[in-house]
Amino acid sequence: MGTRTAEVVICGAGIAGISTAWQLAVKHGMKNVVLTDPWPPMTLTSDKSTEAYRNWWPGPDDAMVGLMNRSIDLLEEMAVASDNRFLMNRRGYLYATADPKRAEAMQAAGVLASSYGAGPLRVHAGGAGGPDYLTAPADGWKGQPDGADLILDEDLLRTSLPYLSPETVAVLHARRCGWFSGQQLGMLMLEEARAAGVEVIEGRVEWIETSGGKVSSIQIGSRPEVVSISAPRFVVTAGPMLKGVGALLGIELPVFSELHLKISIEDHLGVVPRDAPFMIWEDPQHLHWNDEEREFVAELADGGLLLGEMPSGVHTRIEGGGGSRYLLILWPYHLDPVAENFPIPIPDHYAEICVRGLSTMIPSLSEYVERMPKPWIDGGYYTKTQDNRPLVGPLPIEGAFVHGALSGYGLMASAATSELAAAHITGETLPEYAAAFHPNRFEDGEYVAKIEEWDDSTQL
Ligand SMILES: Cc1cc2nc3c(=O)[nH]c(=O)nc-3n(C[C@H](O)[C@H](O)[C@H](O)COP(=O)(O)OP(=O)(O)OC[C@H]3O[C@@H](n4cnc5c(N)ncnc54)[C@H](O)[C@@H]3O)c2cc1C
């Protein structure tokens, strides 16, 4: 067994682990940082993301808006420093509805998000003297508005978004939002972290030794031998394996996982304009089936669900530059907590269900239901907490920290969550939002009552 020492061992080289290593080595100048993973960096969940970001977080307080605004500030700084190597854009998130009641709820949620610091809500209801609606450029992020545009004016809806369903009565276009290449972001930080001395060890953390209530050493199963590292600090960044690694410390981390799948198809008919924003259909819906299809679907394991009211949230964005015609489509309609098994299970009909669901928002896509382009399907787990907020901070064993439970927002949040994790690890002043993400928050009965009352159905 090889034995050696480190200042800190980080367990997991997804975006959480890489960004933590980057913060410690590049921003804090910490020496002797080890990052370990049995798999190549960024290959379990972090490369399955839709890579989108948003500062539009309705509640139940301003903590998520504060965190995401900070994260986007940091991403923009990195984009400037790297000549936008990770292709950050700011096309916005466009939430659409055909339900006038939901349009009212969108407006109310918009007022709330705005009061939390997400930027002004501009209502476009038609008539003279209203604000201008600026469409977003396809590339880049500079000089764009923040906040959101709520479009209720039918003429403006039809002229600016002609490909949306004519049933659409309102869209909310949140503006400090868009997407980027998560893989490029991860690789950029990993290269800089390595250059600053971070060592990456290929291997699985199998054992953590504590003495006197403190972390003392970490054993990594690494070919050709087990490596034992004496280290006073250990950071759990194990993504969907958070619970298992927590158990090595004798700690039960309050997380569970949902399976989220994503398809990619070629939009060879050019239905969705290549400069379109990220788009989400906000209404629950019933899929259209003919009699023969209905009979077939009824026999499927999830037939009851597919024939009944399906949840809101089917969403899409275009993928790739240049001559690419690919579309990513996601519809998280199975949201029960599941065990984290790999390879992930993929229902045969998932791609077709996504296209049918998205056709409600963009009717011309229904052309693909009859002649389905060959889909590429992948996905992973949203590992999350009861309040769908990250876990960032110290654990009850001295020297142990967690940076995880990044749910469906790990790429967009990691710039700020890693900064927060590093502040905990190095003992620096914490930002105001730190308490909202501290692993001990669930011990506060008042907080738990507040989040139990909160309906987070607007979150993807
Ligand atoms: C379909 C889908 C769409 C998404 N869309 C978005 C989006 O649009 N925007 C966004 O911001 N986020 C999105 N996400 C969420 C985002 O991908 C995750 O929040 C993020 O990747 C989690 O990163 P992580 O580093 O915590 O986990 P991971 O990337 O899973 O990394 C954890 C690593 O820990 C390693 N590990 C586990 N156990 C051990 C051990 N014992 N020893 C050593 N290493 C270990 C694993 O091998 C793995 O490499 C999406 C996720 C999915 C699945």
Within the distance-only criterion (no hydrogens, no angle test), does the side chain of Asp267 pair as donor or acceptor with the backbone N or O of Leu327 below 3.5 angstrom? no
Under 4.0 Å between a side-chain nitrogen and a carboxylate oxygen: does that hold for Arg91 and Asp275? no
For atom CD of Glu295, is the number of surrounding heavy atoms from other residues, nucleotides or ligands below 6.0 Å larger than 12? no
Pairs of donor and acceptor atoms involving the side chains of residues 299-310, under 3.5 Å and at least two apart or interchain, shall be tabulated with distances.
residue: Asp302; atom: OD1; partner: His349; partner atom: NE2; Å: 3.1
residue: Asp302; atom: OD2; partner: His334; partner atom: NE2; Å: 3.2
residue: Asp302; atom: OD2; partner: His349; partner atom: NE2; Å: 3.2

Pick from Arg122, His173, His124: which one makes a side-chain hydrogen bond (donor to acceptor under 3.5 Å, both in side chains) with Tyr133? His173
Taking all non-hydrogen atoms of both residues into account, name the closest pair between Leu253 and Lys243 and its distance. O-NZ, 3.0 Å
With rounding to the nearest 0.5 angstrom, report the OG1 to CD1 distance, Thr417 to Ile15. 9.0 Å
Are the side chain of Arg371 and the backbone of Glu367 linked by a donor-acceptor contact shorter than 3.5 Å? no
Working to the nearest 0.5 angstrom, can you tell me the gap between Ser165 OG and Leu365 CG? 11.5 Å
Smallest heavy-atom separation, Leu172 atom then Met106 atom, equals CD1-O, 3.8 Å
For Phe342, the side chain to side chain contact (heavy atoms under 4.5 Å, CB included) test, sequence neighbours excluded, returns Leu44, Pro240, Met241, Glu340, Ile344, Tyr381
Candidate pair Asp387 and Thr385, rule side chain to side chain donor-acceptor pair (under 3.5 Å), full reasoning: CA-CA 5 Å; Asp387 56 1; Thr385 54; 2.6 Å; yes
Hey, do the aromatic rings of Tyr409 and Trp57 have their centres closer than 6.0 Å? yes
Can Glu319 and Lys262 be counted as an ion pair, charged N to O under 4.0 angstrom? no
Glu452 vs Gln386, test: side chain to side chain donor-acceptor pair (under 3.5 Å). Steps then yes/no. CA-CA 9 Å; Glu452 277 172 357; Gln386 182 191 357; 3.3 Å; yes
Donor on one side chain, acceptor on other, Tyr433 and Asp62, under 3.5 Å: no
Examine His438 together with His424 and report whether their ring centres are nearer than 6.0 Å. yes
For Phe278 and Trp179, what are the C-alpha separation, side-chain angles and deciding distance, and is it a side chain to side chain contact (heavy atoms under 4.5 Å, CB included)? CA-CA 8 Å; Phe278 186 102; Trp179 63 88; 4.0 Å; yes
Candidate pair Thr20 and Ser418, rule side chain to side chain donor-acceptor pair (under 3.5 Å), full reasoning: CA-CA 5 Å; Thr20 306; Ser418 60; 5.7 Å; no
